[in-house]
**Student:** 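First the structure, then my questions, so here it is.
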Amino acid sequence: MTAAPPRPQTLGEKLPQALRETIIAALIAAGLAFPIIALGAEPDINNQLALQTRWSWVFTTILLAAGARFLAFTLETMRSRFVAAAGLLCAAFGLGTWYFAGVADPLLIGGTIVAGAAAIALGYFIDGDADVAPKKRTTVSAQDDTSTALAFIGIGVLVAFPLVMLFAFGEAGSLKWINNYGVQILIFVMLGWGLNIVIGLAGLLDLGYVAFYAVGAYTYALLATHFQLSFWICLPLAGIMAAFWGVLLGFPVLRLRGDYLAIVTLAFGEIIHLVLLNWVELTNGEAGILSIPRITFFGIPFTAEENGFAATFWLEFSPIHRTIFLFYLILALALVTNFATLRLRRLPIGRAWEALREDEIACRSLGINTTNTKLTAFALGAMFGGFAGSFFAVRQGFVNPNSFTFMESVWILAIVVLGGMGSQIGVALAAIVMVGGTELLRELDFLKQLFGPEFNPVQYRMLIFGLAMVLMMIWRPRGFIATRTPSIFLKKRKAVAADLVGEGHG
Amino acid sequence: MIFDALFGARFLFKQERALGMEFFAQQMINGITLGSIYGLIAIGYTMVFGIIGMVNFAHGDVFMVSAFIALLLFLALTSVIGITWLVLAFIIVLLLAMFFTSVWSWTIERLAYRPLRGSFRLAPMISAIGMSIFLANFVQAVQGPRNKPIPPMFNETIAVTSGGAFDVTLAWKQIVIIAVTIILLTVFWYIVQKTPLGRAQRACEQDRKMAALLGIDVNRTISITFIMGAALAAVAGTLYLIQFGNVNFADGFIPGVKAFTAAVLGGIGSIPGAVIGGLLIGMIEVLWSAYVSSDYKNVAAFAILIVVLIFMPQGLLGKPEIEKV
Amino acid sequence: MRWESQPLLHVEHLTMRFGGILAIDDLSFAAGRGDITALIGPNGAGKTTVFNCITGFYKPTEGRIAFARKGLASSADVAALTTTGKRHAHMPSGDIYLLERMPDFEISAKAGVARTFQNIRLFQGMTVLENLIVAQHNPLMQASGWTVLGLLGIGPYNKREREAVDKAKFWLDKINLLDRADDAAGELPYGDQRRLEIARAMCTDPVLLCLDEPAAGLNPRESADLNQLLRNLRDEHNTSVLLIEHDMSVVMQISDHVVVLDYGTKIADGTPEAIRNDPKVIAAYLGVADEEEAQAIVGGGA
């Protein structure tokens, strides 16, 4: 006979322990907060640092840490995701309001406490009799074919998106939506899909992917400004150039595995960045390359002149035309990336990538040339990065090295990991959440009313991003869509559980 | 002069600064100073890698946090409490910075890395990158984005040679940096080699499961490793502050990468290797800046990293890895 | 004695050093076409190292490994090929490869030597079917026009892929795993994984199949099935087999030729009957003082 899983203990039984943990958390928070939060130093007119003390911040931090630990401890005994989410929200809200505002509004404090208490109470109500079921891990669940339908709906929505926005917000109002949300997100979707080939399929951890994005952007920028080549000629050239650099990087790092591969690719990315910054003769250094020719509608410029796009098609001139065209262009590029990747997965090379991720030695024993396999992954991943880069250059009209820092690589990596390595839809979702999410921070005007006009949530976007990466890894280390879809099946396509899928060498 | 003879033609544009052996000796002194700082940070990388096989990306930012802590403590001691004797202030700052930085590092390990032990292999690395971003931006948020200068200290110099074309000098702060590094490394070396704690650490490096079976508290040992790494990073942070006189929230990344390069160059997992690697990287950087071009000094660090990883991944003192079939 | 009359593999003066450790010391033996050759010896005798040298995962410190994909590897032709400095040539006696000169993947792709591993190396996160399709990488790669044509959807790739699936189905049927084709390989029970690894190696159409302890961890029933499968590979698929095995019942029942290693050197070489009665084997192989006990173990399968 098997014993029933132990029921969670009630809070009452654990209260002394909970209090002890809470006090420890408070002490640690005090250690963390002093001195880096407690003391502030701003240079005065003489460039001498003047010390300020901010004991209220320290106090708030300690309270929050103690509260969070207490809440977490309570949650551990209840194990309800719902409560966890509610509590987390409360904590985040409390943290945000108290900490960033630096003011203690009694209404907010009261609200947070009440909400937290309500969440705990609710947790008891829901979990009162629930057993703690061990998580099932290595199940293979059947996957229906709704994903294909979903993909088509998604594409339909994307195609309609700019027109709907135009209709809904007018020419001026829709610009933000089409450009800041639409185009920006799609660039990262495409970069994510490109990197997904290298990391998700071939299992090679590349922390310098932005280098290929930069190569693509500068290839277009230089060719267009020096040789007046059109975008449509430069686009494939940028892809080829990036793929060439991908192979160039790929060759030396073939033997490396694990974290070493990640570090070398990081270093490679940084070197490209530093060269762009310092090779002034070629790249114009930090100032970058300006006045890059803008996109044309297959030769017809988006200008107000007679031979411009608007006049040609009997429209009234509007800058939105170019933005809409850019939207469709990046949509097309992203979809090409996606379909190529989906097709590659069904070809021997794609299967070899995945096999390489699973077990390189077994691959070699089956006659697979792992060198070529890795190089193709680097080259193709880099090529799509190069395409995206040249799109970026033609969209911005200027490029400078600051767009191609390590942080950009981390963004793309985070999108791939958050999406679920290898999953195309997951990566797209992750790009929407992450890029869209940071854009949304700009929209949170109501926070300004709460914290005063000084408060700018965009300022904290990297802080939130870093924290989100950590939390994401703890919550879902395998990303949104953790299961793997087999590339071929005999009777029924069954998704493979994440625990079985390999992670590759790096 | 030898340098000029060997590389003369290529470095003509720096000729006016390349003033013979004295100049070279001065650069070596500067290089050892800088290298001591890198070596201290590198130990944190190498120990953590040795024990849990992960590159602690946030370590560079822990170093940066420690420099801020040292800065704030120094200001508090001198301006609020009013300690005027610099040596005493320095010692107190050093010890307190070690303590508070250790609290940070312990917390980071506990919250961001420990829950991921046994999870998939990329998870701790990505979590560490997230932590690194968080730390830099957290410091920016609470301390502002501007450079924080401190008044110069231990600035008096001793002339080592004089009368030649170039006077070689040794600043007191360089003596302080080198002396503190040597003292702390000795203490640290004693802990790792001679105490039960050090034995537990080495046992965990060899085989964590077996160590646990033999009654070693593996989690505690790992926590202590993070604390020791952070304490040495705090020493580096304090010395960095004295050497350069200011600190900025973004100062974690590049020294972090250079220290990591040092750890790799010395052979990751090897503590003496980290120190030797640090000294080499410091000297290479200083010589490169002096004789070639300071624009590309970071490129040099990254290039060394790549070359070492590709051609001798086991580093100078590391153990070679045999592929198991 | 096919290893003398029709050798397809000649290992000659093979020596392998790891730092100061001499893992294999001047080892020479031959394997015959159509034979099941067993490589036995106590733990640490260097058997897996020999495998790794034959399949190219280790570069031998010294020695020659000649393999005849077709025909036989006559010593005159092997010597002639060695002096040319090439890896491979069509010689009068056969189609000869010098394995020690080839990278690991080419040994499988060109020479036709496939292998399995002591610690099973399946692609755990891929399905059983996918594992077998990956094994047919090289012909499929060619059919997809090295990806270019396949990406554009032209050429014979789709047809070839269907054929590859048919071949996979054939092998799955043979190892009784057809109904698990769409499950992840990592989900299979241990014994099934062992058989799948053999099937996967067979999908590369090998001439010589090297099996590293295929019966390890199998129960007696599974072990008997394995014997059946190996005999079947030899008799119906014209595949020669080289296997490392500890289970003497397997070795004695199915092998045609046994080579015994100890401390990296060969101590005996012959038919199972000869080996069973060889006093040197009994003494050295088992290192047991009690001769009766040793006799009982070596003769286990009789």
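Just so it is clear: chains get the letters A, B, ... in the order the sequence lines come, proteins before strands, and each one is counted from 1. In this text the structure is predicted, and so the values were computed from the model without any measurement.
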**Student:** Taking the side chain as everything from C-beta on, heavy atoms only, tell me whether F57(C) gets closer than 4.5 Å to R364(A).
**Tutor:** yes
**Student:** At a heavy-atom separation under 4.5 Å, does Q136(C) approach chain A through its side chain, its backbone, both, or neither?
**Tutor:** neither
**Student:** Between A362(A) and R121(C), what is the shortest heavy-atom contact and its length?
**Tutor:** CB-O, 3.4 Å
**Student:** For Q124(C), is it the side chain, the backbone, both or neither that has a heavy atom under 4.5 Å from a heavy atom of chain A?
**Tutor:** both
**Student:** I'd like to know if the side chain of D182(C) and the backbone of F489(A) have a donor-acceptor N/O pair within less than 3.5 Å.
**Tutor:** no
**Student:** Say you draw a straight line from CG of N372(A) to CH2 of W146(C); how long is it, rounded to the nearest 0.5 Å?
**Tutor:** 11.5 Å
**Student:** Tell me, side chain or backbone of K110(C) under 4.5 Å from chain A's heavy atoms, or both, or neither?
**Tutor:** neither
**Student:** Indicate the atoms forming the closest heavy-atom contact of M126(C) with R351(A), along with that distance.
**Tutor:** CE-O, 3.7 Å
**Student:** Measure V134(C) against the heavy atoms of chain A and call it side chain, backbone, both or neither at under 4.5 Å.
**Tutor:** both
**Student:** Quick check on L140(C) against chain A: is it the side chain, the backbone, both or neither that has a heavy atom closer than 4.5 Å?
**Tutor:** both
**Student:** Between D205(C) and chain A, which part of the residue has a heavy atom less than 4.5 Å away: side chain, backbone, both or neither?
**Tutor:** neither
**Student:** Check this for me: does any side-chain nitrogen of one of E187(C) and K494(A) sit under 4.0 Å from a carboxylate oxygen of the other?
**Tutor:** no
**Student:** Between T370(A), T371(A), V501(A), I488(A), who has the most heavy-atom pairs with chain C when the cutoff is under 4.5 Å?
**Tutor:** I488(A)
**Student:** Are the side chain of T204(C) and the backbone N or O of L366(A) linked by a donor-acceptor pair below 3.5 Å?
**Tutor:** no
**Student:** Do you know which of K169(C), R200(C), E106(C) has the most heavy-atom pairs with chain A at a distance under 4.5 angstrom?
**Tutor:** R200(C)
**Student:** Surrounding NZ of K59(C) (heavy atoms of other residues, nucleotides or ligands, distance under 6.0 Å), is the total greater than 12?
**Tutor:** yes
**Student:** Answer yes or no: is there a side-chain heavy-atom contact under 4.5 Å between L490(A) and V128(C)?
**Tutor:** no
**Student:** Heavy-atom distance under 4.5 Å between the side chains of D359(A) and F123(C), does that happen here?
**Tutor:** yes
**Student:** Of the non-hydrogen atoms in S108(C) and G367(A), which two are nearest, and what is the gap between them?
**Tutor:** OG-N, 3.3 Å
**Student:** Using modelled atom types only, decide if a donor and an acceptor are shared between the side chain of R484(A) and the backbone of G125(C) within a distance under 3.5 Å.
**Tutor:** yes
**Student:** Would you mind checking which part of I107(C) comes under 4.5 Å of any heavy atom in chain A, side chain (CB onward), backbone (N, CA, C, O), both or neither?
**Tutor:** neither
**Student:** Could you report the tightest heavy-atom contact between A184(C) and L500(A), atom names first, then the distance?
**Tutor:** CB-CD1, 3.6 Å
**Student:** Tell me which of these, T127(C), L151(C), N138(C), T55(C), has more heavy-atom pairs under 4.5 Å with chain A than the rest.
**Tutor:** L151(C)
**Student:** Is atom CZ of F251(A) surrounded by more than 12 heavy atoms (other residues, nucleotides or ligands) closer than 6.0 Å?
**Tutor:** no
**Student:** With distance as the sole test, does E130(C) use its side chain to make a donor-acceptor pair with the main-chain N or O of S487(A) at under 3.5 Å?
**Tutor:** yes
**Student:** Which pair of non-hydrogen atoms, one from S144(C) and one from L347(A), has the smallest distance, and what is that distance?
**Tutor:** CB-CD2, 4.0 Å
**Student:** Looking at side-chain heavy atoms only, is the closest gap between T147(C) and T376(A) below 4.5 Å?
**Tutor:** no
**Student:** Out of curiosity, K491(A) NZ to L178(C) CG, how far, rounded to the nearest 0.5 Å?
**Tutor:** 5.0 Å
